[in-house]
Amino acid sequence: MKNLECIDNIQYHLYTISNDDFEISVSDYGATLFNYKYHDIDIVMGFDNVDGYINDVKYMNATIGRVCNRIKDGHFVLNGTDYYLYQNNAGNCLHGGKEGFDTKKWDVSVNDNQIICTYLSKDMEEGFSGNLQVKVVYTLLANGLQFAYEATSDKDTLCNICNHAFFNINGCDSKTVLNDYLMINASKIGMIDSDGCTLNDTLDVDNTPFDFRKRKLIGKDIDSDHIQILNAHGYDHHFIIDGEGFRKFGTYDNGKLALDIYSDLDGMHVYSGNFLDGTSNGKNGNNYPFRSSICFETQYYPNAINTTDHVKPILRKNEVFRHVTRYLVREIKDED
């Protein structure tokens, strides 16, 4: 354990574990992934201190909740009761509200190859019902990193937790992901409005910039005049992954190194760093310019509580929210 800054009289810490090939570091600020290293390559952007995560790029590498992504108009109805949330993004509630899980100090322990983070989100925190006990377990595997999420509540509530890691497979010093490749096992995406909020309607990816079913350069269609690209200033959409259960979502690679994504969730929100502006003072003094990283946020369909056709992220009293995501790293062989 390493001491980080003391902010507003709260002392933060960093916890590190490693094996023969990998090293991860996690902070008790936001249960945030500070580093994810394969040998000497750190494949997540980030900062050397807590202040960077607070003031430079919000949500970067953090645990997001109680509900990730956007809730339209900061409003939903559960069991006949209206709930009103903080509107922190174009009139919508984004990533849990004014002070989501990414801003909280978590309790952290280390057990062999695991960093275990827990947090109690109290009843009506950020407008959500129920005392929600949350656990996030970072497990370092022989071939990469696993996130396991678990939560229970003493009242019916909403729960949709994700990690918001900003990846660059070339290392955190790289300035772009546009020359890298992406494959996603998704035949449909959720459409978004001009404020980035996901709608009930979906779009078949055939003959659109969103067709990554075959490996494709990230930058190939990112500046298309497709209305969905224009709405998001690039990719900022939920990909509905084909199939069910724990399965491969896709692969992000640079021709030499690959990140394989697996999860048991419904899909993942892919964000291509469209609002990074190069002003942040990141690791080793690096800044993070426009589209210098990409996020793969595994989650339920965004804004599903306000849609008609998608699984709603309702967690019933005393039931267990439990999901697993893996971000696995491998070297690409010539025969691949």
Side-chain angles (χ1 to χ4, degrees), residues 68-70 72 92 160 162 164 166-169 176-255 258-275 290-291 293-313 323 325-328 332 336:
C68 59
N69 219 298
R70 295 165 178 83
K72 182 69 173 175
N92 304 309
N160 191 10
C162 80
H164 206 310
F166 282 61
F167 289 104
N168 190 309
I169 199 68
T176 185
V177 295
L178 299 185
N179 300 319
D180 300 331
Y181 295 87
L182 188 58
M183 185 281 294
I184 306 175
N185 292 317
S187 302
K188 294 182 178 182
I189 64 160
M191 296 175 67
I192 63 170
D193 64 19
S194 59
D195 291 325
C197 193
T198 305
L199 305 170
N200 181 71
D201 296 333
T202 62
L203 175 72
D204 291 337
V205 302
D206 289 309
N207 301 313
T208 76
F210 301 93
D211 193 350
F212 286 95
R213 290 173 296 181
K214 292 183 179 179
R215 180 175 178 262
K216 182 175 75 173
L217 274 172
I218 294 171
K220 183 176 186 297
D221 299 317
I222 200 168
D223 289 317
S224 160
D225 61 359
H226 192 288
I227 184 60
Q228 285 297 302
I229 291 287
L230 296 175
N231 279 352
H233 310 286
Y235 296 111
D236 196 355
H237 295 79
H238 186 79
F239 285 73
I240 303 169
I241 304 300
D242 297 342
E244 296 179 352
F246 188 79
R247 62 208 185 279
K248 187 174 183 178
F249 277 28
T251 298
Y252 162 50
D253 79 272
N254 63 2
L259 181 76
D260 293 321
I261 305 145
Y262 293 82
S263 186
D264 56 2
L265 281 155
D266 296 345
M268 66 180 177
H269 198 87
V270 177
Y271 168 60
S272 53
N274 311 313
F275 297 101
F290 184 55
R291 295 175 178 165
S293 58
I294 189 164
C295 305
F296 307 105
E297 306 160 53
T298 58
Q299 59 190 257
Y300 286 117
Y301 194 88
N303 191 38
I305 191 62
N306 292 318
T307 67
T308 57
D309 299 334
H310 306 283
V311 176
K312 299 180 186 299
H323 290 288
T325 294
R326 291 179 181 174
Y327 296 110
L328 307 181
I332 297 176
D336 294 342

[X] vs [Y] side-chain heavy atoms within contact, under 4.5 Å:
X: Ile169; Y: Asp253; answer: no
X: Ser272; Y: Ile222; answer: yes
X: Val205; Y: Ile189; answer: yes
X: Ile184; Y: Val270; answer: yes
X: Leu182; Y: Ile294; answer: yes
X: Arg247; Y: Asp242; answer: no

message = Donor-acceptor check, side chain of Asn200 to backbone of Thr308, threshold 3.5 angstrom: yes or no?
response = yes

query = Does the Gln228 side chain pair with the main chain of Ile192, one donor and one acceptor, at a distance under 3.5 Å?
reply = yes

Could you tell me which residues satisfy side-chain hydrogen bond (donor to acceptor under 3.5 Å, both in side chains) with [X], sequence neighbours excluded, listed by chain and number?
X: His310; value: none
X: Thr251; value: Lys248, Asp260
X: Tyr301; value: none
X: Asp201; value: none

Just verifying a value: how many Å separate [X] [atom1] and [Y] [atom2], rounded to the nearest 0.5 Å?
X: His238; Y: Thr298; atom1: NE2; atom2: OG1; result: 9.5 Å
X: Asn92; Y: Cys197; atom1: CG; atom2: SG; result: 4.5 Å
X: Asn160; Y: Asn69; atom1: CG; atom2: CG; result: 8.0 Å
X: Asp225; Y: Asp221; atom1: CG; atom2: CG; result: 10.5 Å
X: Asn254; Y: Ile218; atom1: CG; atom2: CD1; result: 10.0 Å
X: His164; Y: Cys68; atom1: NE2; atom2: SG; result: 9.0 Å

Could you list the residues that satisfy salt bridge (Lys or Arg N to Asp or Glu O under 4.0 Å) with [X], not counting sequence neighbours?
X: Asp223; answer: Arg291
X: Arg326; answer: none
X: Lys220; answer: none

ask   = Only one of His269, Arg70, Glu297 clears side-chain contact (heavy atoms from CB on, under 4.5 Å) with Pro302; which?
value = His269

Selection [range] - residue pairs positive for side chain to side chain donor-acceptor pair (under 3.5 Å), sequence neighbours left out:
range: residues 203-212; value: Asp206-Arg213, Asp211-Arg213
range: residues 188-198; value: Lys72-Asp193
range: residues 176-185; value: Asn170-Asp180, Asp180-Tyr252

How far apart are the closest heavy atoms of [X] and [Y], and which atoms are they?
X: Ile305; Y: Pro313; answer: N-CD, 4.0 Å
X: Lys214; Y: Met183; answer: C-CG, 4.3 Å
X: Ser224; Y: Leu230; answer: O-CD2, 4.0 Å
X: Ser263; Y: Phe249; answer: O-CE1, 3.3 Å
X: Ala304; Y: Lys312; answer: O-NZ, 3.2 Å
X: Gln299; Y: Cys162; answer: NE2-SG, 4.1 Å

query = Do Asp236 and Asn274 pass the side chain to side chain contact (heavy atoms under 4.5 Å, CB included) test, and can you show the C-alpha distance, the side-chain angles, and the key distance before you say yes or no?
reply = CA-CA 8 Å; Asp236 196 355; Asn274 311 313; 4.1 Å; yes

key: Stepwise side chain to side chain contact (heavy atoms under 4.5 Å, CB included) test for Tyr271 and Phe296   = CA-CA 7 Å; Tyr271 168 60; Phe296 307 105; over 6 Å; no

request  = Only pairs at least two apart or in different chains count here, so list each ring pair (Phe, Tyr, Trp, His ring centres under 6.0 Å) that has a residue in residues 195-216.
outcome  = Phe210-His226, Phe210-Tyr235, Phe210-His237, Phe212-Tyr235

request  = Give the C-alpha distance, both sets of side-chain angles, the deciding distance and a yes or no for ring-ring contact (aromatic ring centres under 6.0 Å, His included) between Tyr327 and Phe167.
outcome  = CA-CA 10 Å; Tyr327 296 110; Phe167 289 104; 5.0 Å; yes

request  = With sequence neighbours left out, write down each residue that passes ring pair (Phe, Tyr, Trp, His ring centres under 6.0 Å) with Phe290, or none if nothing qualifies.
outcome  = none

Tyr300 side chain to His323 side chain, donor-acceptor N/O pair below 3.5 angstrom = yes

key: Derivation and outcome, side chain to side chain contact (heavy atoms under 4.5 Å, CB included), residues Asp266 and Ile240   = CA-CA 6 Å; Asp266 296 345; Ile240 303 169; over 6 Å; no

